[in-house]
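One-based numbering along the sequence shown. Indexing begins at 1, ligand by ligand and atom by atom, following the structure's order.
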Amino acid sequence: MDCVLTNIGTLCTPKGKTALRGENQGNILTICDAAIGIRDGIIVYTGPKNELPDFSGARIIDCGGKLVTPGLVDAHTHLVFGGWRQNELSLKLAGVAYLDILKSGGGILRTVEQTRAACENELIERGREFLAEMLGFGVTTCEAKSGYGLCTEDELKQLRVIRTLNESQPIDIAATFMGAHAVPKEYADDRAGYIELILTEMLPAVAREGIAEFCDIFCESAVFTPDESRLILTEAKKHGFTPKIHADEIDPIGGAEIAAEVEAISAEHLIMASDDGIRKMAEKELVAVLLPATSFYLDKPYARARDMVSSNLAVAVATDFNPGSSPSLNIQLAMNLACLKYKLTPAEALTAVTLNGAAAINRANTCGSLEVGKSADMVIWNAPDLDYLFYRYGSNLVDKVIKGGVMV
Ligand code: IZC
Ligand code: ZN
């Protein structure tokens with residue numbers, strides 16, 4: 001063994017290589033007085049401290065009786081963008097709705113202007129700072145979307161930035177192409193033309209470079225319709241992308257049903273998802289990626305997480321970090337809201353930000369739980385047990401983050 005974490009007060013982890021749903025979502029393993037053995041960045045032992053096999057020569061990390069969990073997985077972020085949109089705060093306070101800001105040429109379209117104007121290096125530097133902050137909150141794997149280029153060249157630029165970031169700092173990043181995030185200004189009078197551009201130029205170009213695994217779309221009133229979403233995601237599958245969909249965030253327009261129909265890996269937001277949509281997603285074993293910090297920031301209702309758990313739909317929780325509706329990288333805030341507003345138990349919420357987040361980005365084979373054979377990604381918390389982690393809010397409770405067996 002190269003490294004041993006010993007004197008773990010409480011080890012908490014979900015188990016398995018697939019999302020946990022229904023009653024299993026809260027069915028986590030808890031071991032007191034535990035230890036973890038690591039070789040070549042991979043977990044080779046988890047269990048009671050007194051049953052640890054020979055580890056002579058290994059580096060010892062004394063966890064001081066603290067809580068240890070898997071590294072967190074932030075399965076939904078819009079990580080790479082130029083500028084910010086602080087001007088929208090006063091508009092919001094004056095009662096202007098998120099979609100009305102977009103309709104008037106602001107919102108996403110404002111960030112598109114600023115992202116197009118930024119060069120690759122500037123975006124890399126900003127992204128690196130964001131990722132360092134995420135790591136500090138305990139995130140060891142995340143997803144990142146394009147969608148602020150909205151033309152082939154600038155979508156590719158964003159995705160290349162994500163690739164460079166993935167290769168040059170500790171957090172593993174899964175890349176998502178989201179050319180269908182909004183209709184850009186130059187196509188304002190020709191939305192069919194923009195959809196044609198996505199289908200015939202962007203999808204093939206992104207597939208050719210092999211720089212995105214997933215394809216996402218903003219299926220929402222006044223953005224992309226369910227029919228357009230079906231069309232784009234179906235075509236994306238032909239190019240080898242795995243579909244994702246921003247569904248039923250603001251208006252209930254049937255996005256959850258489309259997610260099930262195209263057999264997406266996940267659907268995101270789902271604040272207004274119908275019972276039927278939830279049932280269909282559960283049947284097809286999708287993951288519901290819920291974004292409570294966005295409900296908080298937009299002052300919207302919270303997704304019906306309890307109904308989803310009782311419908312046997314796997315629930316993940318992520319930040320939705322973006323400059324408009326969720327300008328925060330703090331996944332711990334999302335975790336607190338998951339308990340306080342979704343009424344998930346601490347055990348269910350832990351699964352939501354670890355194994356189920358990993359499953360939503362097709363990483364459940366390699367991370368999301370502390371088990372033999374998985375990457376040694378973990379957080380030592382300034383907390384004695386899981387309840388404490390979800391009960392204290394507003395402070396960053398991370399003590400140390402370990403990624404691939406290395407303290408980062
Ligand atoms: O920049 O407003 N919801 N896309 C869908 C966003 C929020 C990002 C943004
Ligand atoms: Zn989003």
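For the residue pair H78 and D320, a side-chain donor N or O sits within less than 3.5 Å of a side-chain acceptor on the partner. Side-chain N/O atoms of D385 and T10 include no donor and acceptor closer than 3.5 Å.
Judged by a 6.0 Å distance limit and a 45° cone about the ring axis, R304 is not positioned over the six-membered ring of Y342. Taking the ring centre of Y98 as origin, the terminal cationic atom of K103 falls outside the region bounded by 6.0 Å and 45° from the ring axis.
Using cut-offs of 30° and 60° for the angle between ring planes, the F130 and F321 rings count as perpendicular. Using bins of under 30°, 30° to 60° and over 60° for the plane-to-plane angle, the ring pair H181/F218 lands in the tilted bin.
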Criterion side chain to side chain contact (heavy atoms under 4.5 Å, CB included) on E257 and D276, from CA distance to verdict: CA-CA 7 Å; E257 287 84 341; D276 209 36; 4.1 Å; yes

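Other residues, nucleotides and ligands contribute only 12 or fewer heavy atoms inside 6.0 Å of the NZ atom of K15.
Sorted by chain and number, the protein atoms of type N, O or S within less than 2.8 Å of the Zn ion (ligand 2) are H76 NE2, H78 NE2, H246 NE2, D320 OD1.
Residues K374 and C367 share a closest heavy-atom pair of NZ-O, 3.0 Å.
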Ligand 1: protein N/O within less than 3.5 Å of ligand N/O:
| unit_1 | atom_1 | unit_2 | atom_2 | d |
| --- | --- | --- | --- | --- |
| ligand 1 | 1 (O) | R85 | NH1 | 2.9 |
| ligand 1 | 1 (O) | R85 | NH2 | 3.4 |
| ligand 1 | 1 (O) | Y148 | OH | 2.6 |
| ligand 1 | 2 (O) | R85 | NH2 | 2.9 |
| ligand 1 | 2 (O) | Y98 | OH | 2.4 |
| ligand 1 | 3 (N) | Y98 | OH | 3.2 |
| ligand 1 | 4 (N) | H181 | NE2 | 2.7 |

